[in-house]
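Here the structure is a predicted model, which means the values were calculated and not measured.
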Amino acid sequence: MAQTVLSLKRKALHVMLGILSVLLLIQRGNAFEFKVGGPKGSWTVPTDPNVASYNEWAEMNRFQIDDTLLFVYPADKDSVLQVTKDDYTNCNTASPIVKFSDGHTVVKFNQSGPYYFISGVVDNCLKNEKLIVIVMADRSNQTVAPTPPPPSAEVPAPSPTGGESPSSGVDINPTPAPGQEFPTKNGGSPIVLSLIGSVGAFLVSLILLLVS
């Protein structure tokens with residue numbers, strides 16, 4: 001009898017672990033990794049005039065919270081610095097926010113807004129080895145269409161400052177451009193993600209109960 005109960009516990013444990021693994025895979029599927037410069041690109045001084053600059057490449061893609069950037073470069077010759085806007089503009093490598101020099105750097109976006117990257121080699125930065133990425137806030141990809149005004153209503157003229165992109169100078173295009181290198185994987189809504197987290201926590205508790 002004791003062996004039968006133990007066997008049932010083990011089977012239940014395996015099932016719960018399997019479900020938990022699936023949930024974790026679903027949650028990971030909400031993010032996407034972008035290789036800087038495209039699938040065949042690398043973090044280096046741009047030399048080919050026929051290849052888009054890093055900022056042009058960034059404008060063709062859509063970055064959201066939890067996505068990651070992959071920088072590939074020779075660790076003994078280059079590095080990646082995350083810097084402020086002023087340091088980006090001036091190629092100032094003296095006081096970076098974060099410095100990476102492992103040759104295979106992965107940077108995760110934890111919040112929306114602009115991210116500034118430059119080469120750790122000043123001369124490389126001056127030769128345009130630099131990148132601005134604008135991270136969008138909403139991953140749900142849900143927009144509300146504006147209500148059209150009545151035919152007799154006057155439509156106000158757009159504000160002179162309306163529709164401007166952030167101060168970085170990079171245009172944000174919610175719809176991926178035709179030349180986009182990476183299709184964005186849109187994640188579920190916050191409610192779905194919260195549900196996944198709750199179910200995962202429940203399964204972990206149940207597994208600990210079965211093991212005890």
### Query
Do you know which two heavy atoms are closest between Ser79 and Phe100, and how far apart they sit?
CB-O, 3.1 Å
### Query
Would a hydrophobic clustering, with Ile, Leu, Val, Met, Phe, Trp and Tyr connected at side-chain separations under 4.5 Å, put Val72 with Val106?
yes
### Task
Determine the interplanar angle of the Phe71 and Trp43 rings, folded into 0 to 90°, and report it as parallel if under 30°, tilted if 30 to 60°, perpendicular if over 60°.
perpendicular
#### Entry: Considering all heavy atoms, the nearest His104-Leu70 contact
CE1-CD1, 3.4 Å
### Task
Decide whether a cation-pi geometry holds between Lys130 and Tyr88; the criteria are a distance under 6.0 Å from NZ or CZ to the six-membered ring centre and an angle within 45° of the ring axis.
yes
### Message
Quick check against the 3.5 Å criterion: does Asn90 have a side-chain atom that pairs as donor or acceptor with the backbone of Asn92?
### Response
no
### Task
Spell out, as yes or no, whether a donor-acceptor pair under 3.5 Å connects the side chain of Tyr73 to the backbone of Gly103.
yes
### Query
Do the non-hydrogen side-chain atoms of Asp78 and Glu129 ever get within less than 4.5 Å of each other?
yes
### Task
Would you mind telling me which of Leu81, Val83, Leu126 makes a side chain to side chain contact (heavy atoms under 4.5 Å, CB included) with Cys91?
Leu126
### Query
Is there a side-chain contact (heavy atoms from CB on, under 4.5 Å) between Lys85 and Asp87 once you walk through the steps?
CA-CA 6 Å; Lys85 179 184 177 181; Asp87 287 348; over 6 Å; no
### Query
Hey, are the side chains of Thr84 and Ile97 touching, using non-hydrogen atoms and a 4.5 Å cut-off?
yes
### Message
Could you tell me if the side chain of Gln111 sits less than 4.5 Å from the side chain of Val135, heavy atoms only?
### Response
no
### No-hydrogen, no-angle side-chain donor-acceptor test under 3.5 Å, Asp86 and Thr89
no
### Query
Got a donor-acceptor contact below 3.5 angstrom from the Asp67 side chain to the Ala31 backbone?
no
### Summary
Minimal heavy-atom distance between Ala52 and Trp57, with the atoms involved, is CB-N, 4.3 Å
### Task
Flag the pair Phe109 / Ile65 as yes when at least one side-chain heavy-atom distance between them is below 4.5 Å, and no otherwise.
no
### Task
Hey, can you tell me if Phe34 and Phe32 have their rings parallel, tilted or perpendicular (30° and 60° cut-offs)?
perpendicular
### Query
Can you tell if the side chain of Val36 reaches within under 4.5 Å of the side chain of Tyr54, non-hydrogen atoms only?
yes
### Message
I'd like to check Pro114 versus Val133 (side-chain heavy atoms, cut-off strictly below 4.5 Å). Are they in contact?
### Response
no
#### Entry: Ile118 CD1 to Ile132 CD1 distance, which is reported to the nearest 0.5 Å
11.5 Å
### Query
Heavy-atom distance under 4.5 Å between the side chains of Tyr115 and Leu131, does that happen here?
no
### Message
Looking at Thr44, is its backbone amide N or carbonyl O close enough to the side chain of Ser42 to form a donor-acceptor pair, meaning the two atoms are under 3.5 Å apart?
### Response
no
### Query
Counting N and O atoms only, with roles assigned by atom type, does the side chain of Glu59 sit under 3.5 Å from a partner on the main chain of Glu56, one being a donor and the other an acceptor?
no
### Task
Find out if a path of hydrophobic residues (ILVMFWY) with successive side-chain heavy-atom gaps under 4.5 Å connects Val98 to Phe117.
yes
### Query
Should Phe63 and Asn61 be marked as a side-chain contact (heavy atoms from CB on, under 4.5 Å) after you check the CA-CA gap, both sets of side-chain angles, and the distance that decides it?
CA-CA 6 Å; Phe63 304 93; Asn61 290 280; 3.7 Å; yes
### Task
Find the distance between NZ (Lys40) and NZ (Lys35) and round it off to the nearest 0.5 Å.
10.0 Å
### Task
For the residue pair Lys127 and Pro46, establish whether any side-chain heavy-atom pair is separated by less than 4.5 Å.
no
### Task
Nearest 0.5 Å please: distance from the CG atom of Asn128 over to the OG atom of Ser119.
11.5 Å
